[in-house]
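What follows is a set of notes on a single structure, which appears directly below.
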2 protein chains.
Amino acid sequence: MQELDDIDHSLLRLLHEDGRRTFADMAATVGLSTAAVKRRVDRMRESGVITGFTVQVDHKKLGWAVEAFSEIRYAGTASISDIVESAARQPEVQAVYTLAGDLDALVQVRVRDLAHLQEVIDRIRRSGTVTGTRTLMVLGRWTRG
Amino acid sequence: MQELDDIDHSLLRLLHEDGRRTFADMAATVGLSTAAVKRRVDRMRESGVITGFTVQVDHKKLGWAVEAFSEIRYAGTASISDIVESAARQPEVQAVYTLAGDLDALVQVRVRDLAHLQEVIDRIRRSGTVTGTRTLMVLGRWTRG
DNA sequence: CTTGAAAGTGACCTTGT
DNA sequence: ACAAGGTCACTTTCAAG
(Lines give C-alpha, C1' and ligand atoms only; values in the text may rest on other atoms or scores of the structure.)
Protein backbone atom coordinates (compact mmCIF):
# COMPACT_ATOMS: atom_id res chain seq x y z
CA MET A 1 0.00 0.00 0.00
CA GLN A 2 0.98 3.62 -0.18
CA GLU A 3 1.00 4.19 3.56
CA LEU A 4 3.70 6.78 4.08
CA ASP A 5 5.18 7.55 7.46
CA ASP A 6 7.16 10.57 8.64
CA ILE A 7 10.41 9.15 7.33
CA ASP A 8 8.95 8.71 3.83
CA HIS A 9 7.77 12.31 3.89
CA SER A 10 11.24 13.41 5.00
CA LEU A 11 12.78 11.51 2.11
CA LEU A 12 10.38 13.17 -0.34
CA ARG A 13 11.28 16.57 1.09
CA LEU A 14 15.00 15.83 0.81
CA LEU A 15 14.64 14.61 -2.77
CA HIS A 16 12.53 17.62 -3.63
CA GLU A 17 15.35 19.89 -2.48
CA ASP A 18 17.95 17.87 -4.38
CA GLY A 19 16.87 15.02 -6.60
CA ARG A 20 20.42 13.72 -6.95
CA ARG A 21 21.05 13.47 -3.22
CA THR A 22 22.73 10.16 -2.37
CA PHE A 23 21.09 7.42 -0.32
CA ALA A 24 23.96 7.65 2.17
CA ASP A 25 23.30 11.37 2.67
CA MET A 26 19.58 10.84 3.21
CA ALA A 27 20.28 7.87 5.46
CA ALA A 28 22.41 10.03 7.74
CA THR A 29 19.66 12.64 7.93
CA VAL A 30 16.76 10.34 8.71
CA GLY A 31 18.77 7.90 10.84
CA LEU A 32 18.52 4.72 8.77
CA SER A 33 20.97 2.65 6.76
CA THR A 34 21.52 3.40 3.10
CA ALA A 35 19.93 0.11 2.11
CA ALA A 36 16.81 0.91 4.09
CA VAL A 37 16.55 4.31 2.42
CA LYS A 38 16.96 2.74 -1.01
CA ARG A 39 14.21 0.24 -0.23
CA ARG A 40 11.84 3.05 0.80
CA VAL A 41 12.58 5.09 -2.32
CA ASP A 42 12.20 2.00 -4.51
CA ARG A 43 8.88 1.26 -2.84
CA MET A 44 7.62 4.80 -3.46
CA ARG A 45 8.59 4.47 -7.11
CA GLU A 46 6.82 1.11 -7.33
CA SER A 47 3.65 2.46 -5.78
CA GLY A 48 3.68 5.49 -8.06
CA VAL A 49 4.13 8.11 -5.37
CA ILE A 50 7.43 9.00 -7.01
CA THR A 51 6.89 9.30 -10.76
CA GLY A 52 10.43 10.27 -11.69
CA PHE A 53 13.36 12.60 -11.31
CA THR A 54 14.17 15.60 -13.46
CA VAL A 55 16.52 18.51 -13.96
CA GLN A 56 15.39 22.08 -13.33
CA VAL A 57 16.38 24.47 -16.12
CA ASP A 58 16.45 28.25 -16.29
CA HIS A 59 14.71 28.71 -19.63
CA LYS A 60 15.58 32.41 -19.79
CA LYS A 61 19.23 31.41 -20.05
CA LEU A 62 18.32 29.23 -23.03
CA GLY A 63 16.76 32.15 -24.86
CA TRP A 64 13.13 31.33 -24.06
CA ALA A 65 12.46 34.59 -22.29
CA VAL A 66 8.68 34.86 -22.50
CA GLU A 67 6.19 32.82 -20.51
CA ALA A 68 2.43 33.09 -20.80
CA PHE A 69 -0.86 31.39 -19.96
CA SER A 70 -3.60 31.19 -22.53
CA GLU A 71 -7.18 30.64 -21.46
CA ILE A 72 -9.05 28.80 -24.19
CA ARG A 73 -12.66 28.10 -25.07
CA TYR A 74 -13.47 25.34 -27.50
CA ALA A 75 -16.57 24.56 -29.53
CA GLY A 76 -19.08 22.31 -27.79
CA THR A 77 -18.23 19.51 -30.16
CA ALA A 78 -14.61 19.21 -28.99
CA SER A 79 -13.77 16.35 -26.66
CA ILE A 80 -11.35 16.73 -23.79
CA SER A 81 -8.78 14.52 -25.43
CA ASP A 82 -9.01 16.57 -28.65
CA ILE A 83 -8.45 19.73 -26.66
CA VAL A 84 -5.38 18.41 -24.88
CA GLU A 85 -3.97 16.83 -28.01
CA SER A 86 -4.29 19.88 -30.23
CA ALA A 87 -2.59 22.10 -27.67
CA ALA A 88 0.07 19.61 -26.63
CA ARG A 89 1.06 19.17 -30.25
CA GLN A 90 2.68 22.62 -30.18
CA PRO A 91 6.26 22.25 -28.95
CA GLU A 92 6.10 25.57 -27.11
CA VAL A 93 3.28 24.32 -24.89
CA GLN A 94 4.59 23.28 -21.50
CA ALA A 95 1.35 22.22 -19.84
CA VAL A 96 -2.37 21.94 -20.55
CA TYR A 97 -4.90 22.10 -17.72
CA THR A 98 -8.49 21.23 -18.51
CA LEU A 99 -10.94 23.16 -16.38
CA ALA A 100 -14.37 23.18 -14.82
CA GLY A 101 -16.52 26.16 -15.68
CA ASP A 102 -16.89 28.33 -18.74
CA LEU A 103 -13.22 28.06 -19.66
CA ASP A 104 -12.14 24.79 -21.21
CA ALA A 105 -8.39 24.88 -20.83
CA LEU A 106 -5.47 26.83 -19.44
CA VAL A 107 -2.36 26.40 -21.54
CA GLN A 108 1.12 27.31 -20.33
CA VAL A 109 3.54 28.29 -23.10
CA ARG A 110 7.19 29.29 -23.23
CA VAL A 111 8.48 31.22 -26.24
CA ARG A 112 11.46 33.27 -27.37
CA ASP A 113 9.77 36.63 -27.81
CA LEU A 114 6.44 38.32 -28.41
CA ALA A 115 6.40 37.59 -32.13
CA HIS A 116 6.91 33.95 -31.30
CA LEU A 117 4.09 34.13 -28.75
CA GLN A 118 1.77 35.55 -31.35
CA GLU A 119 2.67 32.74 -33.72
CA VAL A 120 1.99 30.05 -31.12
CA ILE A 121 -1.34 31.55 -30.11
CA ASP A 122 -2.31 31.71 -33.78
CA ARG A 123 -1.37 28.08 -34.25
CA ILE A 124 -3.43 27.05 -31.22
CA ARG A 125 -6.41 29.08 -32.43
CA ARG A 126 -6.29 27.39 -35.81
CA SER A 127 -5.72 23.86 -34.53
CA GLY A 128 -8.82 22.22 -33.10
CA THR A 129 -12.08 24.10 -32.81
CA VAL A 130 -11.08 27.06 -30.69
CA THR A 131 -13.77 29.68 -30.23
CA GLY A 132 -11.86 32.14 -28.07
CA THR A 133 -8.61 32.83 -26.27
CA ARG A 134 -7.29 35.28 -23.70
CA THR A 135 -3.59 35.41 -23.02
CA LEU A 136 -1.96 36.30 -19.70
CA MET A 137 1.67 37.40 -20.00
CA VAL A 138 3.87 36.35 -17.10
CA LEU A 139 6.01 39.17 -15.72
CA GLY A 140 7.47 37.28 -12.77
CA ARG A 141 7.25 33.88 -11.20
CA TRP A 142 7.71 32.35 -7.80
CA THR A 143 7.64 28.59 -7.32
CA ARG A 144 7.87 26.52 -4.17
CA GLY A 145 11.25 24.80 -3.72
CA MET B 1 22.34 33.89 -22.23
CA GLN B 2 24.59 30.95 -22.83
CA GLU B 3 26.40 29.19 -25.64
CA LEU B 4 25.08 25.63 -25.75
CA ASP B 5 25.72 23.18 -28.54
CA ASP B 6 23.68 20.18 -29.66
CA ILE B 7 25.35 17.89 -27.16
CA ASP B 8 24.48 20.19 -24.27
CA HIS B 9 20.87 20.20 -25.42
CA SER B 10 20.94 16.41 -25.64
CA LEU B 11 22.25 16.22 -22.08
CA LEU B 12 19.47 18.52 -20.88
CA ARG B 13 16.91 16.36 -22.62
CA LEU B 14 18.36 13.19 -21.10
CA LEU B 15 18.41 14.73 -17.63
CA HIS B 16 14.88 16.00 -18.12
CA GLU B 17 13.72 12.43 -18.80
CA ASP B 18 15.65 11.06 -15.83
CA GLY B 19 17.39 13.44 -13.48
CA ARG B 20 19.30 10.64 -11.78
CA ARG B 21 20.79 9.26 -14.98
CA THR B 22 24.50 8.55 -14.53
CA PHE B 23 27.26 10.37 -16.39
CA ALA B 24 28.39 7.06 -17.87
CA ASP B 25 24.93 6.41 -19.29
CA MET B 26 24.73 9.87 -20.86
CA ALA B 27 28.29 9.56 -22.15
CA ALA B 28 27.39 6.39 -24.02
CA THR B 29 24.36 8.09 -25.58
CA VAL B 30 26.08 11.27 -26.76
CA GLY B 31 29.40 9.61 -27.61
CA LEU B 32 31.70 11.30 -25.12
CA SER B 33 33.68 10.17 -22.09
CA THR B 34 32.05 10.35 -18.67
CA ALA B 35 34.53 13.04 -17.62
CA ALA B 36 33.59 15.20 -20.59
CA VAL B 37 29.90 14.83 -19.76
CA LYS B 38 30.50 15.72 -16.14
CA ARG B 39 32.43 18.83 -17.20
CA ARG B 40 29.55 19.93 -19.43
CA VAL B 41 26.94 19.35 -16.72
CA ASP B 42 29.09 21.13 -14.13
CA ARG B 43 29.50 24.04 -16.51
CA MET B 44 25.75 24.29 -17.04
CA ARG B 45 25.23 24.30 -13.27
CA GLU B 46 27.89 27.01 -12.87
CA SER B 47 26.35 29.19 -15.55
CA GLY B 48 22.89 28.81 -14.06
CA VAL B 49 21.33 26.98 -17.00
CA ILE B 50 20.76 24.04 -14.66
CA THR B 51 19.28 25.33 -11.42
CA GLY B 52 18.87 22.00 -9.69
CA PHE B 53 17.43 18.52 -9.65
CA THR B 54 14.20 17.35 -8.09
CA VAL B 55 11.84 14.44 -7.61
CA GLN B 56 8.48 14.30 -9.35
CA VAL B 57 5.64 13.29 -7.04
CA ASP B 58 2.09 12.15 -7.75
CA HIS B 59 0.29 14.42 -5.30
CA LYS B 60 -2.99 12.59 -5.75
CA LYS B 61 -1.38 9.53 -4.16
CA LEU B 62 -0.44 11.69 -1.19
CA GLY B 63 -4.03 12.77 -0.65
CA TRP B 64 -3.78 16.18 -2.33
CA ALA B 65 -6.42 15.48 -4.93
CA VAL B 66 -7.55 18.96 -5.94
CA GLU B 67 -5.59 21.41 -8.06
CA ALA B 68 -6.73 24.90 -8.99
CA PHE B 69 -5.62 28.24 -10.36
CA SER B 70 -6.81 31.44 -8.77
CA GLU B 71 -6.74 34.68 -10.71
CA ILE B 72 -6.27 37.58 -8.33
CA ARG B 73 -6.66 41.34 -8.46
CA TYR B 74 -5.02 43.46 -5.80
CA ALA B 75 -5.58 47.03 -4.71
CA GLY B 76 -3.52 49.62 -6.56
CA THR B 77 -1.46 50.20 -3.45
CA ALA B 78 -0.06 46.67 -3.37
CA SER B 79 3.50 46.19 -4.61
CA ILE B 80 4.53 43.16 -6.64
CA SER B 81 6.67 41.81 -3.81
CA ASP B 82 3.75 42.17 -1.39
CA ILE B 83 1.54 40.24 -3.79
CA VAL B 84 3.96 37.37 -4.20
CA GLU B 85 4.80 37.27 -0.52
CA SER B 86 1.23 37.18 0.72
CA ALA B 87 0.32 34.34 -1.61
CA ALA B 88 3.52 32.35 -1.22
CA ARG B 89 3.04 32.41 2.53
CA GLN B 90 0.22 29.87 2.16
CA PRO B 91 1.71 26.38 2.21
CA GLU B 92 -0.86 25.13 -0.32
CA VAL B 93 0.36 27.61 -2.93
CA GLN B 94 2.64 25.92 -5.44
CA ALA B 95 3.41 28.85 -7.71
CA VAL B 96 2.63 32.55 -8.11
CA TYR B 97 2.79 34.21 -11.52
CA THR B 98 2.58 37.98 -11.69
CA LEU B 99 0.90 39.19 -14.84
CA ALA B 100 0.62 42.01 -17.32
CA GLY B 101 -2.89 43.31 -17.87
CA ASP B 102 -5.90 43.72 -15.65
CA LEU B 103 -5.14 40.62 -13.61
CA ASP B 104 -2.32 40.95 -11.10
CA ALA B 105 -1.50 37.35 -10.34
CA LEU B 106 -2.24 33.75 -11.19
CA VAL B 107 -1.80 31.46 -8.21
CA GLN B 108 -1.53 27.68 -8.49
CA VAL B 109 -2.73 25.79 -5.43
CA ARG B 110 -2.91 22.14 -4.43
CA VAL B 111 -5.33 21.07 -1.71
CA ARG B 112 -6.93 17.99 -0.20
CA ASP B 113 -10.55 18.66 -1.11
CA LEU B 114 -13.02 21.39 -1.94
CA ALA B 115 -13.46 22.49 1.66
CA HIS B 116 -9.74 22.89 1.88
CA LEU B 117 -9.74 24.88 -1.37
CA GLN B 118 -12.35 27.21 0.01
CA GLU B 119 -10.27 27.74 3.11
CA VAL B 120 -7.14 28.56 1.13
CA ILE B 121 -8.95 30.99 -1.17
CA ASP B 122 -10.39 32.67 1.90
CA ARG B 123 -6.96 32.97 3.44
CA ILE B 124 -5.54 34.49 0.26
CA ARG B 125 -8.44 36.93 0.01
CA ARG B 126 -7.85 38.11 3.57
CA SER B 127 -4.07 38.31 3.35
CA GLY B 128 -2.81 41.34 1.50
CA THR B 129 -5.19 43.77 -0.19
CA VAL B 130 -7.09 41.48 -2.53
CA THR B 131 -9.96 43.11 -4.38
CA GLY B 132 -11.17 40.13 -6.37
CA THR B 133 -10.55 36.49 -7.22
CA ARG B 134 -11.76 33.95 -9.75
CA THR B 135 -10.88 30.32 -9.30
CA LEU B 136 -10.34 27.78 -12.08
CA MET B 137 -10.67 24.16 -10.96
CA VAL B 138 -8.34 21.76 -12.73
CA LEU B 139 -10.07 18.62 -14.02
CA GLY B 140 -7.11 17.15 -15.85
CA ARG B 141 -3.53 17.99 -16.61
CA TRP B 142 -0.98 17.23 -19.26
CA THR B 143 2.63 18.27 -18.89
CA ARG B 144 5.55 17.93 -21.24
CA GLY B 145 8.03 15.18 -20.28
C1' DC C 1 43.35 6.74 -18.70
C1' DT C 2 44.09 4.98 -14.51
C1' DT C 3 42.95 4.47 -9.93
C1' DG C 4 41.45 4.90 -5.04
C1' DA C 5 37.21 6.38 -2.94
C1' DA C 6 32.30 6.77 -2.81
C1' DA C 7 27.77 5.24 -3.97
C1' DG C 8 24.54 1.81 -5.59
C1' DT C 9 22.78 -2.84 -5.41
C1' DG C 10 21.20 -7.32 -3.91
C1' DA C 11 21.65 -11.39 -0.84
C1' DC C 12 21.27 -12.79 3.58
C1' DC C 13 20.50 -12.20 8.54
C1' DT C 14 18.14 -10.08 12.74
C1' DT C 15 14.39 -8.18 15.17
C1' DG C 16 9.56 -6.53 16.13
C1' DT C 17 4.89 -7.69 16.23
C1' DA D 1 5.21 -15.71 9.46
C1' DC D 2 5.79 -11.17 8.06
C1' DA D 3 7.46 -6.66 7.37
C1' DA D 4 11.15 -3.51 8.08
C1' DG D 5 16.04 -2.62 9.15
C1' DG D 6 20.99 -3.93 9.47
C1' DT D 7 25.27 -5.90 7.62
C1' DC D 8 28.24 -7.26 4.23
C1' DA D 9 30.19 -8.36 -0.24
C1' DC D 10 30.17 -7.04 -4.96
C1' DT D 11 29.59 -3.77 -8.85
C1' DT D 12 29.25 0.63 -10.77
C1' DT D 13 30.13 5.34 -10.74
C1' DC D 14 32.65 9.23 -9.37
C1' DA D 15 36.39 12.45 -9.48
C1' DA D 16 41.17 13.65 -9.04
C1' DG D 17 45.93 13.01 -10.62
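The structure presented is a predicted model; accordingly, all values stated were derived computationally and were not measured. Per chain, numbering begins at 1; letters A, B, ... match sequence-line order.
As a whole-Å value, the separation of A:D42 CG from D:dA3 P is 17 Å.
Base-pair partner of D:dC2: not found among the strands shown (Watson-Crick or G-U wobble, both distances under 3.5 Å).
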Taking N or O atoms only and anything under 3.5 Å, show me the protein contacts with nucleotides 1-8 of chain C, one pair per line.
unit_1, atom_1, unit_2, atom_2, d
C:dG8, OP1, B:R20, NH2, 3.3
C:dG8, OP2, A:F23, N, 3.0

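Residues A:F69 and A:V107 have side chains not in contact (no heavy-atom distance under 4.5 Å, counting atoms from C-beta outward). Side-chain contact between B:I7 and B:R40 is present, with at least one heavy-atom pair separated by less than 4.5 Å. Looking only at side-chain heavy atoms (C-beta outward), A:L103 and A:R134 stay at 4.5 Å or farther from each other. Counting heavy atoms from C-beta on, the side chains of B:V111 and B:Q90 never come closer than 4.5 Å.
Judged as a salt bridge (Lys or Arg N to Asp or Glu O under 4.0 Å), the pairs with a partner in residues 26-38 of chain B (not counting sequence neighbours) are, in order, B:K38-B:D42.
In this structure, A:R39 reaches the bases: a heavy-atom distance under 4.0 Å links it to at least one base atom across the strands shown.
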